[in-house]
Amino acid sequence: MKLSWSQDETDFRQEVREFIATHLPRVLRDKVYAHQELGRKDFVSWARILNDRGWMGWNWPVEFGGPGWSPIQTHIFEEEMWIGGAPEVFAFGPKMLAPLLMQFGTNEQRDYLLPRIRSAEDWWCQGYSEPNAGSDLASLRTAAVIDGDQFVINGQKAWTTYGHYANKMFLLARTDPDVPKQKGISFILLDMETPGITVRPVVLMDGVHEVNEVFFDDVRVPLSNLVGELNKGWTCAKALLADERINAGKLGRTKRELRLLKRIANRPGRNGQRLINDLRYAERVARIEVDILALEYMTLRLLSDLSAGKVVGAEASLLKWRGTEIAQAISLMLVDAIAPDLHAPGSTATNPADPLPQALVRQYLNWRKLAIYGGSNEVQHNIVAKAALGL
Amino acid sequence: MKLSWSQDETDFRQEVREFIATHLPRVLRDKVYAHQELGRKDFVSWARILNDRGWMGWNWPVEFGGPGWSPIQTHIFEEEMWIGGAPEVFAFGPKMLAPLLMQFGTNEQRDYLLPRIRSAEDWWCQGYSEPNAGSDLASLRTAAVIDGDQFVINGQKAWTTYGHYANKMFLLARTDPDVPKQKGISFILLDMETPGITVRPVVLMDGVHEVNEVFFDDVRVPLSNLVGELNKGWTCAKALLADERINAGKLGRTKRELRLLKRIANRPGRNGQRLINDLRYAERVARIEVDILALEYMTLRLLSDLSAGKVVGAEASLLKWRGTEIAQAISLMLVDAIAPDLHAPGSTATNPADPLPQALVRQYLNWRKLAIYGGSNEVQHNIVAKAALGL
Amino acid sequence: MDFDLGDEQRMLLDSARAYLQREYSVPTRRRQFAAAENGLDRKQWGALGELGWLGITIAEADGGFGPDLVCAMGIAELIGEHLFASPYVQSSLEAATLLAELGNTVQRGRWLPAVASGEAIVVLAHFEPGMGHDWRDVQLALHSDNDGAILTGRKTNVAWGASADCWIVTLRDPDGALSAWLVDPLTPGIFAERYAGIDGTPMLHISFENTVLPASARLGRSATAALEKTMAVSMAATCMEAIGAMTKLQQMTLEYVKIRHQFGAPLGSFQAIQHRLVDMFAKVELCRSLGWLATSHAEAPAGQELALSGIKAQISDSCRLIREEAIQLHGGIGMTDENDTSLYFRRLLALEKHLGDQHYHFGVLAGALAANDGAGLYD
Amino acid sequence: MDFDLGDEQRMLLDSARAYLQREYSVPTRRRQFAAAENGLDRKQWGALGELGWLGITIAEADGGFGPDLVCAMGIAELIGEHLFASPYVQSSLEAATLLAELGNTVQRGRWLPAVASGEAIVVLAHFEPGMGHDWRDVQLALHSDNDGAILTGRKTNVAWGASADCWIVTLRDPDGALSAWLVDPLTPGIFAERYAGIDGTPMLHISFENTVLPASARLGRSATAALEKTMAVSMAATCMEAIGAMTKLQQMTLEYVKIRHQFGAPLGSFQAIQHRLVDMFAKVELCRSLGWLATSHAEAPAGQELALSGIKAQISDSCRLIREEAIQLHGGIGMTDENDTSLYFRRLLALEKHLGDQHYHFGVLAGALAANDGAGLYD
């Protein structure tokens with residue numbers, strides 16, 4: 001037992017850090033640090049830079065074109081990406097669909113789709129949630145009926161993040177309405193250009209268009225777009241959901257925001273006082289630091305288990321909800337730090353030279369989602385109650 | 001609307017305060033302030049002094065020998081009793097059984113028992129809880145079977161506070177085992193000297209003998225000891241439970257402990273520092289002060305409703321749980337203030353001249369009960385969910 | 001101790017409630033901000049004058065129907081409940097209080113009857129960039145000769161400033177005392193920039209560049225005591241508005257969990273969810289008690305500054321809890337811009353921060369406890 | 001990053017676990033405190049020496065089998081889990097560390113092999129009445145000539161002091177530096193008063209009245225660095241013991257809610273109860289991660305003081321939550337003196353406060369953040 005970084009791990013971190021420092025365009029980095037909205041082009045341009053380095057499939061084994069890193073290395077890589085100000089590489093393609101294709105996909109699906117994910121030629125979105133199937137995902141109703149060599153899809157998906165950027169979607173659809181909830185669901189891929197798909201933007205209270213509703217009206221896709229077995233989509237989805245949860249902590253992002261928080265709290269106010277000198281505020285920062293420390297070493301412990309081949313189960317739920325709670329707490333502290341000068345999202349700031357305060361309010365509003373999506377924190381509690389405690 | 005004390009109310013408070021200042025024996029007051037254990041004699045002697053003044057039935061109407069005070073006056077009286085360092089007059093007789101006798105008792109029961117409560121000749125204890133019927137009171141099993149003109153009682157009661165001081169008990173017993181839970185219960189009075197009763201002391205983790213188990217082995221009491229109708233005991237109990245909840249906040253005691261907390265926090269330590277000068281600790285005090293303020297005006301609002309003849313329902317539950325939460329929070333802050341010098345209950349203190357620290361630890365341990373008894377705080381939540389929110 | 005409203009108060013509040021239920025809704029608010037020039041319908045404003053809302057804080061001698069602060073706070077609560085967007089607090093509470101406390105006969109006669117009728121809107125321009133939560137920290141200074149004042153500097157967060165016929169601007173006199181001035185928005189040397197507050201409220205950022213104010217624009221001598229009273233009133237109104245909004249949001253959430261099904265049952269049938277709704281209910285009821293206490297203190301604010309800080313702290317804290325719980329229990333739908341929940345969320349964020357948030361006010365209390373050997377709200 | 005135990009470590013801990021399961025239980029603890037003179041069975045203590053517990057912190061050259069702090073912390077966790085009452089931390093961790101860091105050949109030879117075998121028990125007499133949470137605040141001063149020290153004053157909270165064959169007393173030298181002294185409890189001029197800690201641990205209050213200590217009793221020159229290391233080790237052990245006790249109490253509570261029926265169903269079937277048990281579980285698991293980090297830091301404590309403060313703060317906080325939830329979920333039965341829950345409750349209260357509670361340590365962190373422009377556990 002030695003809970004400090006080995007020389008190899010330190011070297012690896014340094015390599016990643018240097019790559020980001022030298023290859024991440026300044027303009028992108030500055031946008032990220034200033035919490036400005038990024039467009040599709042911004043995301044894709046960074047993904048292509050990563051791909052050139054062979055890192056777009058950063059959690060993939062070598063045989064599929066990934067670097068074959070250990071779970072700890074993957075963790076270090078993601079942390080450095082956040083801290084270094086890189087645009088987020090969304091998990092949908094490389095981290096969610098890809099591992100699933102490796103496990104359940106046909107050779108044709110793998111050979112065609114995996115390279116396109118790495119090269120960012122495809123932007124995947126996730127078709128899981130529905131208006132009446134939020135955390136209770138298995139109650140979804142979107143139906144795929146087999147007609148000859150095609151699925152005919154009808155229904156509606158909700159909360160489709162960046163559905164307006166995506167050219168592809170993986171979705172769960174009900175292929176057998178006559179069996180209990182989880183049993184009649186299939187995992188299907190589709191092209192967003194397929195006739196019959198309508199993407200409706202949904203603006204959240206931060207004023208930003210990030211999620212969408214997607215409507216399916218007799219959308220026809222070939223049967224070969226099925227991943228895994230018919231009616232066994234839930235098995236795929238479950239593997240993927242667990243993965244999503246480990247990812248959801250986003251510790252590096254939290255550390256980045258902590259750093260920003262300290263910068264703001266350390267700024268002299270108009271009477272020369274600094275917020276960090278108020279021991280009451282400093283204690284709030286201290287508490288969040290220790291919360292992060294605990295989450296970090298819990299994460300490393302589980303990653304270490306994962307490396308040792310142990311199965312990580314309900315604890316991933318814990319990482320998800322603690323990670324999002326801490327992120328939300330920091331986003332609130334950032335708002336507290338800039339109050340009372342809060343302006344509406346999209347409104348002209350009093351000082352347009354510093355759009356950060358407004359962006360921080362937007363972040364606080366937007367981050368309410370963290371505790372809701374990917375299985376609400378309440379559902380994570382239910383999972384742990386059942387799986388870890390036998391309740 | 002005028003949320004300040006009227007001249008009449010101020011005068012009344014002054015009258016109570018002066019009575020306590022002049023009639024409460026110093027030795028009793030000092031014991032109370034120092035959190036020393038009081039014996040039966042201590043309690044009874046103060047009750048007799050109150051009775052001499054006509055105040056033992058302080059919440060009784062004039063027709064039964066009470067002063068006929070308004071709910072607000074009763075509140076002021078209780079608050080002054082706590083703050084003035086008077087020994088607690090336990091609610092069992094005057095505040096729990098008495099109103100119930102007034103409502104459901106026969107003339108004989110009233111005429112005989114009420115004066116004996118006022119004079120403290122009788123010390124009543126409450127026979128409700130059982131080992132397997134805690135917050136789920138209605139699942140009680142102690143049975144009273146009618147045999148001629150007597151009930152024959154068999155079973156066991158738990159958590160009987162001061163059962164070892166009491167000469168009388170009112171209890172709930174099952175008189176019809178064949179109907180659903182609440183329906184077959186009767187409310188019965190008994191003498192603690194009746195053959196077949198065994199009182200077993202239960203020491204809590206504070207090292208103090210305060211509660212007891214009471215066993216009934218063919219205990220025979222006359223049928224005339226029934227209060228209200230046979231099998232309608234739950235109706236009586238319910239009326240009484242609500243009353244118990246309004247009482248349970250014990251705001252005056254909380255204010256007394258707040259005052260003590262401030263005295264301790266304001267004491268210079270060995271390096272001359274005072275705890276209250278640590279703004280982090282001062283904020284904890286500030287928060288608890290505002291919590292008390294909110295609870296106080298919520299209580300006054302409900303008492304005002306009560307005076308106006310409105311029915312106070314689920315909100316009483318709220319007073320109970322908030323009141324006990326706040327009391328527990330103060331008891332914890334007191335322990336924090338004297339830490340790390342914590343000694344076991346009953347152990348010799350390092351400084352026997354100041355037994356207070358040890359008493360404060362005892363109080364913290366003992367007060368865990370506040371959130372458990374009288375219907376746990378979880379049960380109070382269930383009550384509010386159902387009664388106030390329709391859930 | 002008297003928690004009851006008088007009959008007349010009850011009547012006015014009943015009619016106000018009926019008016020809002022009939023004439024106003026959250027969609028109205030959306031249209032209002034999207035359509036009207038300054039987010040305000042002056043015809044409707046006049047109607048409120050006729051209903052008696054606007055003059056209830058103003059003495060009959062000054063053309064009002066009051067002053068009746070209890071009633072005004074009841075209206076503030078209703079405004080919060082309905083998310084009614086208007087300069088009610090700014091004009092009828094803040095400006096009316098300052099004018100009544102400081103105005104000379106001419107100034108009162110010019111403005112108070114017009115405020116009471118709704119003919120005129122007067123708002124306070126008080127906050128400054130970087131000011132923080134302490135309203136006493138006014139730094140904008142006047143350079144004066146005896147004929148008046150010359151100003152250069154900025155005010156910000158002036159709610160409904162663009163709808164106002166007159167501003168009351170707070171300044172530092174050369175001797176450091178606070179003063180208040182009636183300012184015509186069209187005075188040369190004034191530049192105003194519009195923006196929206198976090199909840200959509202139309203705000204102004206005002207720059208003064210060698211703006212000259214005549215001596216007759218000055219309200220009284222020192223404005224400190226009058227501002228203390230004004231801020232006490234405004235703080236109580238903020239509390240009451242927050243209570244109204246929290247009450248409504250708690251009810252909306254309660255109704256939602258009763259109809260929203262997950263895992264084959266209404267959300268509201270899950271005990272963990274039930275207990276959270278109970279905690280929301282408890283918070284709101286405790287705040288309501290404090291809100292009426294704040295109202296009572298606002299009527300006679302001398303010596304109650306600490307208590308008002310404590311009340312605002314607790315209510316600000318609850319603003320956070322209630323809005324965050326409401327969103328979490330609604331799930332994604334509550335986060336959308338088109339859902340009412342998100343509007344209440346943003347309004348409660350604004351109210352939490354306005355005139356000092358929980359961290360600021362608990363700090364005030366903590367400081368007082370430390371300085372006074374532990375004497376605070378209780379001895 | 002290596003979270004794994006080595007094979008030998010695993011074997012020692014497996015045998016320690018087996019020993020405690022076989023030989024020790026909470027009723028044993030009760031009998032132990034009720035019967036034995038000082039609450040300690042010296043025969044059992046010797047057996048622990050043979051099992052390798054007591055020498056695992058001591059180098060082979062000094063008669064031990066280590067030092068292996070990771071193993072020692074694993075034992076501390078087991079001690080917490082079983083509420084095993086013994087001076088393990090005092091003698092094998094605190095005293096052994098100080099002796100190894102400061103002792104000369106004679107002192108090491110006299111005491112370390114005896115501590116390792118269990119033949120001797122050495123405990124630290126460090127705390128003073130009114131000292132608070134800051135272990136550096138030693139005020140008991142020696143008046144010396146070159147031949148030794150003369151003491152008048154008091155030490156308190158000396159756990160297992162009456163079982164010790166030797167105390168290590170910390171003092172202030174005339175120049176203000178910290179020093180440590182080996183003291184025979186039978187030295188003239190020493191008066192010891194026994195009492196029980198909040199969890200029943202036998203404690204001593206020690207008064208020195210013109211007690212003379214020979215120069216040969218002095219351990220090294222300055223004790224500051226050695227005490228820093230000792231306190232780091234002791235803090236990690238306190239954390240690990242707390243983790244053991246919390247784990248067990250959480251499990252006991254989980255088992256209880258599965259069997260306890262209320263309202264016709266097991267308590268554990270109510271969702272609100274389930275979620276609270278999940279939160280307890282999460283707290284304990286997060287603490288466990290921190291506990292191993294503390295162990296790692298205790299092995300190389302230089303520059304880790306702040307991290308250890310943070311870890312102790314979080315674990316102290318959890319000590320409170322876990323014990324209070326455990327009692328609340330047990331209901332009345334958990335409060336009785338005869339129920340194990342109440343013993344764990346009291347032990348967790350002692351561990352929360354020992355070497356600084358959450359308020360103290362968060363204060364240390366807050367102070368550092370304020371002083372270092374926000375640099376704390378993270379930059």
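Numbers restart at 1 for each chain; the letters A, B, ... are given by sequence-line order, proteins then strands. Values below: every heavy atom of this structure, side chains too, minus hydrogens, waters and symmetry copies.
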| Which atoms of Asp305(B) come close to chain C, meaning under 4.5 Å heavy atom to heavy atom: side chain ones, backbone ones, both, or neither? | neither

| field | Atom pair NZ/CG of Lys262(B) and Leu369(C) - distance to nearest 0.5 Å | value | 5.5 Å

| query | What's the spacing between Lys2(B) NZ and Ser296(C) OG if we round to 0.5 Å? | reply | 5.0 Å

| Can you say whether Leu258(B) sits under 4.5 Å from chain C via the side chain, the backbone, both, or neither, judging by heavy atoms? | side chain

| remark: Under 4.5 Å to a heavy atom of chain C? For Arg263(B) that would be neither

| What residues of residues 275-284 of chain B sit under 4.5 Å from chain C when you count only heavy atoms? | Ile276(B), Asn277(B), Leu279(B), Ala282(B), Glu283(B)

| query | For the atom pair CE (Met1(C)) and OG (Ser70(B)), what is the distance rounded to the nearest 0.5 Å? | reply | 12.0 Å

| field | Glu255(C) versus chain B, the contacting section by heavy-atom distance below 4.5 Å | value | neither

| Which atoms of Ser304(B) approach chain C - backbone, side chain, both or neither, heavy atom under 4.5 Å | side chain

| query | Checking heavy atoms, do the side chain of Ile72(B), its backbone, both or neither come under 4.5 Å from chain C? | reply | side chain

| By a 4.5 Å heavy-atom criterion (distance strictly below it), what part of Ala313(C) contacts chain B: side chain, backbone, both, or neither? | neither

| field | Residue part contacting chain C, namely of Ala388(B), when any heavy atom lies under 4.5 Å | value | side chain

| message | Heavy-atom cut-off 4.5 Å, strictly under: side chain, backbone, both or neither for Lys386(B) against chain C? | response | neither

| field | Rounded distance (nearest 0.5 Å) linking atom CG of Leu286(C) with atom CG of Asp291(B) | value | 8.5 Å

| field | More than 12 heavy atoms of other groups within 6.0 Å of Lys248(C) NZ | value | no

| After noting the C-alpha distance and the side-chain angles of Gln271(C) and Asn382(B), does the key distance pass the side chain to side chain contact (heavy atoms under 4.5 Å, CB included) rule? | CA-CA 8 Å; Gln271(C) 196 192 32; Asn382(B) 291 345; 3.2 Å; yes

| Leu377(C) vs Val290(B) side-chain heavy atoms within contact, under 4.5 Å | yes

| Interface moiety of Ser289(C) toward chain B, non-hydrogen atoms closer than 4.5 Å | both

| task | Below 4.5 Å from any heavy atom of chain B, which atoms of Val257(C) appear? Answer side chain, backbone, both or neither. | result | side chain

| said: Is Asp379(C) close to chain B through its backbone or its side chain, or both, or neither, when contacts mean heavy atoms under 4.5 Å? | reply: both

| query | Side chain, backbone, both or neither: which part of Gln251(C) has a non-hydrogen atom closer than 4.5 Å to chain B? | reply | neither

